[in-house]
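Structure first, then comments.
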Amino acid sequence: MLAKISFRGKRFVHRSLVVRGNAATFPPSFSLCQRRAFDGKSSYDYREILRNGLSDIRLDDAIGLFSEMVKSRPFPSIIEFSKLLSAIAKMKKFDVVISLGEQMQKLGIAHDLFTYSIFINCFCRCSQLSLALAILGKMMKLGYEPDIVTLSSLVNGYCHSKRISEAVALVDQMVEMGYQPNTVTFTTLIHGLFLHNKASEAVALVDQMVQRGCQLSLVTYGVVVNGLCKKGDIDLALSLLKKMELGNIEADVVIYNTVIDGLCKYKHVNDARNLFNEMENKGIKPDVVTYNSLISCLCNYGRWSDASRLLSDMIEKKINPDVVTFSALIDAFAKEGKPLEAEKLYKEMIRRSIAPSIVTYNSLINGFCMHDRLDEAKQMFEFMVSKGCFPNVVTYNTLIKGFCKAKRVEEGMELFREMSQRGLVGDTVTYTTLIQGLFQARDFDMAQELFKEMVSDGVPPNLMTYNFLLDGLCNNGKLEKALVVFGYMQKSKMELNIFTYSIMIEGMCKTGKVEDGWNLFCSLSLKGVKPNVVTYTSMISGFCSKGLKQEAYALFKKMKEDGPLPNSGTYNTLIREHLRDGDKAASAELIKEMRSCRFAGDASTIGLVTNMLHDGRLDKSFLEMLS
DNA sequence: GTAGGGTTAG
């Protein structure tokens with residue numbers, strides 16, 4: 001069950017262990033082997049290493065140290081073991097700690113309160129809460145009472161095991177039993193609440209902890225500011241940052257980065273830049289992450305020249321760009337259809353010995369796909385594999401989307417099969433893209449087949465998947481089936497959007513169920529969903545098809561008063577209705593209005609007018625008016 | 001010698 005750690009004994013010994021003695025004459029590893037060969041056991045003092053502190057020790061060396069410790073007789077004290085274990089836990093190598101603990105057990109080295117506490121923490125951190133609880137039971141049987149530290153670890157364990165209500169209950173229980181939750185306990189729970197999208201409870205708990213006399217720490221502020229930024233409450237995050245600084249807790253670069261990134265994500269680039277200046281004025285140096293947030297943000301706006309300027313700026317300030325910096329810029333240039341610029345940046349990152357990552361390659365592939373250069377996309381795909389960088393589900397999704405968009409859905413399906421052969425599992429995006437592609441190619445059966453496969457494979461369809469399915473069914477004359485799916489969607493927890501309703505309204509209107517369509521349209525305001533231009537146009541078209549010209553015109557009027565702006569489709573639908581009706585004056589009037597909005601007659605309208613010209617119902621001037 | 005957290009790219 002637990003990860004086994006392979007021991008490669010001597011290779012793990014820390015350099016400082018061998019510097020003493022004949023290090024000058026022998027290379028380190030050689031000198032060590034020599035000594036081992038002499039006496040068959042370690043001849044250096046692990047105690048000295050422990051005394052000197054383990055803060056900078058590497059994992060390999062820590063494991064080597066452990067293997068030396070278990071060789072010595074008598075065994076080192078449990079305090080010495082716990083120093084080593086906690087150093088490894090600080091590296092977040094929790095599985096290693098657990099494995100070493102098991103080895104101690106096998107060797108008959110008894111644990112104490114501290115080592116048990118370390119194991120409980122490690123089990124909690126790697127989501128093995130039940131094992132943590134088992135250790136707690138064992139520990140209590142031995143007469144050790146858990147203290148606030150151990151209990152806080154368990155609170156963390158519940159938070160990380162999606163059992164937030166039990167985490168809350170545990171803290172309540174602790175209070176009942178007379179424990180005093182401290183800053184760490186509260187901060188852990190606040191973090192858990194944010195992780196479970198319970199931001200308001202988290203914020204309320206901050207107030208409670210203050211009332212209980214617990215000081216907020218930099219960590220507490222970090223948790224809260226991050227949680228607020230992630231849900232878009234940037235103003236509150238910003239005011240907390242100010243409050244923290246007024247309370248004499250010194251801000252660091254990371255908390256500024258968090259807020260700057262939040263501002264970037266929620267489209268306040270200028271505020272982000274202002275905060276950037278503010279932090280510099282306060283003497284907090286921005287780092288590569290700060291720049292990466294700003295550069296990515298500018299790239300997302302297509303402001304690649306501003307982004308490039310920031311790259312020069314950071315290099316000037318001797319802040320080294322990394323793979324994230326280059327990937328963001330390469331992504332922007334590739335999307336913009338500037339492959340030469342992207343390649344220049346790619347070469348520059350190689351020159352700086354920065355290894356491209358899968359994200360870099362995926363961006364390059366996406367750039368080619370977006371500009372219908374599928375052959376080059378595939379070449380890039382092969383190139384990345386040749387460089388030992390293996391495609392992931394995003395790589396395949398990008399290529400599949402490219403092929404579907406280029407109406408080459410069979411090749412998309414081929415890629416889908418290939419990825420399965422490589423042991424990669426398609427996700428919601430993969431299936432959704434292919435279902436859309438298949439419907440577009442009018443391969444209705446295969447599309448529905450794939451939807452079934454998606455569900456049976458346990459890949460959860462999302463709203464987009466369902467919308468494509470509804471659209472496909474409606475376009476295939478299967479309104480009844482679409483209505484069943486729609487009914488299911490309404491009963492589910494999914495929040496349907498205007499696309500869902502537009503598809504259904506159009507489907508109803510096109511099959512003559514205009515009244516049903518109208519009822520659904522009227523129900524939208526109750527649902528708090530605003531109809532868009534497509535919804536209005538579908539409904540207007542529905543009225544027209546039933547000859548309900550007045551209703552159509554009334555809805556058009558309402559749309560102009562408080563709805564979305566009519567588009568070419570809206571005008572053309574109404575113009576055709578007037579023409580069929582023989583109402584030349586009204587048609588001419590509407591064509592004029594449409595032209596003033598810079599729209600022109602569409603193929604369907606021009607076709608109708610041409611026919612009417614031939615049979616003499618219209619004169620030439622109509623055709624001229626249309627374009 | 002034991003507990004908590006926050007930032008960036010597709």
Side-chain angles (χ1 to χ4, degrees), chain A residues 50 54 77-87 89-90 97 111-122 124-125 139 144 146-157 159-160 181-192 194-195 216-230 237 241 251-262 264-265 286-297 299-300 321-332 334-335 356-367 369 391-395 397-398 429:
Chain A
L50 289 170
L54 298 172
S77 73
I78 192 68
I79 292 178
E80 284 163 318
F81 277 110
S82 72
K83 273 184 183 170
L84 178 63
L85 294 176
S86 85
K90 288 233 160 67
V97 176
H111 293 302
D112 73 350
L113 179 68
F114 285 93
T115 50
Y116 277 131
S117 183
I118 293 171
F119 298 130
I120 288 174
N121 181 40
C122 290
C124 286
R125 294 293 297 263
M139 188 181 128
Y144 294 116
D147 60 6
I148 191 71
V149 174
T150 312
L151 291 170
S152 296
S153 289
L154 284 166
V155 171
N156 198 27
C159 288
H160 280 101
N182 59 21
T183 299
V184 176
T185 325
F186 279 116
T187 304
T188 306
L189 193 56
I190 290 166
H191 180 234
F194 273 118
L195 281 180
L216 305 190
S217 65
L218 175 61
V219 177
T220 321
Y221 279 104
V223 168
V224 178
V225 164
N226 181 56
L228 292 172
C229 284
K230 287 280 132 71
L241 178 66
D252 62 2
V253 59
V254 178
I255 201 161
Y256 268 95
N257 286 350
T258 308
V259 183
I260 286 172
D261 190 65
C264 286
K265 288 258 158 67
D287 62 11
V288 59
V289 177
T290 328
Y291 276 96
N292 286 348
S293 284
L294 289 166
I295 287 173
S296 308
C297 176
C299 285
N300 285 337
D322 64 8
V323 61
V324 177
T325 327
F326 279 104
S327 295
L329 284 159
I330 287 172
D331 186 68
K335 274 187 185 149
S357 73
I358 185 145
V359 178
T360 325
Y361 289 117
N362 286 349
S363 288
L364 289 164
I365 291 172
N366 185 42
C369 284
N392 61 10
V393 64
V394 179
T395 322
N397 287 350
T398 307
V429 177

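No hydrogens, no waters, no symmetry mates; every other heavy atom, side chains included, goes into these values.
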### With sequence neighbours excluded, residues passing ring pair (Phe, Tyr, Trp, His ring centres under 6.0 Å) with A/F81
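Here the qualifying residues are A/F66.
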### Query
With A/F326, which residues qualify under ring pair (Phe, Tyr, Trp, His ring centres under 6.0 Å), at least two apart?
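A/F326 satisfies ring pair (Phe, Tyr, Trp, His ring centres under 6.0 Å) with no other residue.
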Taking only residues two or more places apart in sequence or in another chain, which ones pass side-chain contact (heavy atoms from CB on, under 4.5 Å) with [X]?
| X | answer |
| --- | --- |
| A/N292 | A/V288, A/D322, A/V324, A/T325 |
| A/D252 | A/L218, A/V254, A/I255 |
| A/S357 | A/V323, A/S327, A/V359, A/T360 |

#### Entry: Whole angstrom value for the distance that separates P of B/dA3 from CG of A/L113
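Interatomic distance, CG of A/L113 to P of B/dA3: 12 Å.
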### Query
Over how many whole Å does the gap from A/F119 atom CZ to B/dA3 atom P extend?
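Answer to the nearest Å: 13 Å.
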### Query
Is a donor-acceptor contact shorter than 3.5 angstrom present between the side chain of A/S217 and the base of B/dG4?
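In this structure, the two groups form a donor-acceptor pair.
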### Message
Between the base of B/dA3 and the side chain of A/N182, is one N or O donor paired with an acceptor at under 3.5 angstrom?
### Response
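Answer yes: a donor N or O sits under 3.5 Å from an acceptor.
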#### Entry: Any A/K90 side-chain N or O less than 4.0 Å from OP1/OP2 of B/dT2
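Checking B/dT2 against A/K90, a side-chain N or O does come within under 4.0 Å of OP1 or OP2.
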### Message
Whether the side chain of A/N366 engages the backbone of A/C369 through a donor-acceptor N/O pair (distance < 3.5 Å, no angle test) should be reported.
### Response
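Side chain of A/N366 to backbone of A/C369: no pair is present.
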### Task
Would you mind building the protein contact string for nucleotides 5-10 of chain B? One character per nucleotide, 5' to 3', B for base within reach (heavy atoms under 4.0 Å), S for sugar-phosphate only, - for untouched.
BBBBBB
